[in-house]
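Written out below as C-alpha cells is the structure these notes cover.
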Amino acid sequence: MTLRLLEDWCRGMDMNPRKALLVAGIPPTCNEAEIQEALQAGLASLGPHRLLGRMFRRDENRVVALIGLTQETSLAVVPKEIPGNGGAWRVIFKPPDPDNEFLSRLNEFLEGEGLTVAEFTKALGYGNDPFDLEPNLAPQVGTPMLAEALDEALQPALQYLKYRKLKVFSGNNPPEPGEEGFDSWLLHTTHMMKAWQVSDAEKRRRLLECLRSPAFDVIRVLKINNPLITVPECLQALEQVFGVIDNPRELQVKFLTTYQNPNEKLTAYALRLEPLIQKLVERGALEKEVVNQARLDQILAGAEDRALRRRLDLPAGPAPGLLQLLTLLKEDETAEEEEEDSLEDGSVETLT
C-alpha cells in the first residue's frame, strides 16, 4: 500500500495529509472498540489522535483506518507498526518535507534560545558576510543556501531537535512539581523508546537526559560499571528500585485500594489505574479477556461519588474498553460542570 490512498482520502476530507496516518492490516472481524483500544496503546507517543474512518480492502481482506492527528509530527516518533488483533498492524505516514521540517525546527530552537540567525551563524564561524545578514535580523530562515550550510554544520543538533523529550523522573516520593510518578513515566518512556528509530546509544542518552537524582544516580552507577548497558536493562533497574513490587498478590491489593483522590477528575483517576492494570496483565494476575470489566469495577468502587454507576450510560453487554469508558467519564464530568455553572448562575440571579 502506498501513500496515494492516504493522500486521496485526506483530499476527499479536505484535510492535511501530514496531520493524518493510515493503519492497515486490521482484521475485518475487529469492531470499533477493539480498534480504538489498539490505537490508544500503539499510538500513545503521538499525543491526541482520533479515528476518522474505516475502509475494507477487498484485495487484502483487511480493513484500513484513517487516523487524524492534532498536529504535524516527526517521522522519528511514528511507529512502523502497532500490535493488534491478528498480528501487527502497519502504520502508513507521510513525513514532512525534510527542508521545511528543518527550517521550522531551527526557527523554533532559535526563538527558544533568544538568538538571531546572524548571531547563530557567527557563533558557528560562518560570520555574516556569506549571507549578508543584519545583526538584528529576526530568527526567520528563508534562503536555501543558509539552510544547506546550517544543515551540514548542525547535523548533531538536528538529531537533538527532532524528538520530543521524555517526561522528567527523579524517583522522589511524592514527585516534585513538573515530575512524573514512576508508573506513568515508565509507560510513556516505553512507548517512546519503541517508536524512536535511533541507535541504542542515542536512546540511552535521551533516557539519562530526563532523569534527576536519585534515579539518575542509579543509572550513572550502572553505566560506570557497564558502559554498554542497554535501555531495557536501565528501565528494568529503575523498575526494581522505584516500581511497584512484582508480587502479583501485592499488585492486586494496590490496584483494589487505589481510589479517586479529592478533586481528581474521573478521567485522571482512570488513567492513573491503567499502569497497574497493565502490570497485572504482564504478571499473569489478570486475564486480558476481563481487563475491561476489572477496570470498570474498580473505577465504580473507587470513585468518590457512589452514584456514578447510575449516571453513566453504560452499554448493554460487555464492559466498555478504555477509550469508550474515558468518553463516558468525560461526558459525566462535562454534565456535572454544566450543572454547577447553572446553579451558580441561578444563585447570582437570585442575589440580584
[X] and [Y]: same hydrophobic cluster, using ILVMFWY side-chain contacts below 4.5 Å?
X    : Y    : answer
I299 : L271 : no
L186 : L222 : yes
V168 : F182 : no
V253 : Y269 : no
L266 : L322 : no

[atom1]/[X] to [atom2]/[Y] distance, rounded to the nearest 0.5 angstrom?
X    : Y    : atom1 : atom2 : answer
L300 : Q260 : CG    : CD    : 11.0 Å
R204 : E233 : CZ    : CD    : 9.5 Å
L314 : Q324 : CG    : CD    : 9.0 Å
N292 : E37  : CG    : CD    : 4.5 Å
K265 : L329 : NZ    : CG    : 11.5 Å
L296 : L328 : CG    : CG    : 9.0 Å

Among pairs that include at least one residue of residues 326-335, which meet salt bridge (charged side-chain N to carboxylate O under 4.0 Å, His left out), considering only residues two or more places apart or in two chains?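 Every salt bridge (charged side-chain N to carboxylate O under 4.0 Å, His left out) pair that includes a residue of residues 326-335, provided the two are not neighbours, is R311-D332.
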Does any N or O in the side chain of [X] come within less than 3.5 Å of the main-chain N or O of [Y], such that one atom is a donor and the other an acceptor?
X    : Y    : answer
Q293 : V290 : no
H49  : G47  : yes
E7   : K94  : no
R272 : Y259 : yes

Can you confirm whether W9 sits close enough to L22 that some side-chain heavy atom of one is under 4.5 Å from a side-chain heavy atom of the other?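 Yes, close enough: below the 4.5 Å cut-off.
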Is N263 atom CG crowded by more than 12 heavy atoms from other residues, nucleotides or ligands, each under 6.0 Å away?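 For N263, atom CG is not crowded (no more than 12 foreign heavy atoms under 6.0 Å).
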Heavy-atom count around D14 CG within 6.0 Å, excluding the residue itself: above 12?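 Result for CG/D14: open.
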Which pair of non-hydrogen atoms, one from A20 and one from F93, has the smallest distance, and what is that distance?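 Looking at all heavy atoms of both residues, the closest pair is O-CD1, 3.8 Å.
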Flag the pair R206 and E202 as a salt bridge only when some basic side-chain nitrogen lies within less than 4.0 angstrom of an acidic carboxylate oxygen.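 Yes.
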Test side chain to side chain donor-acceptor pair (under 3.5 Å) applied to Q278 - qualifying residues, sequence neighbours left out: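 Result, side chain to side chain donor-acceptor pair (under 3.5 Å) vs Q278: none returned.
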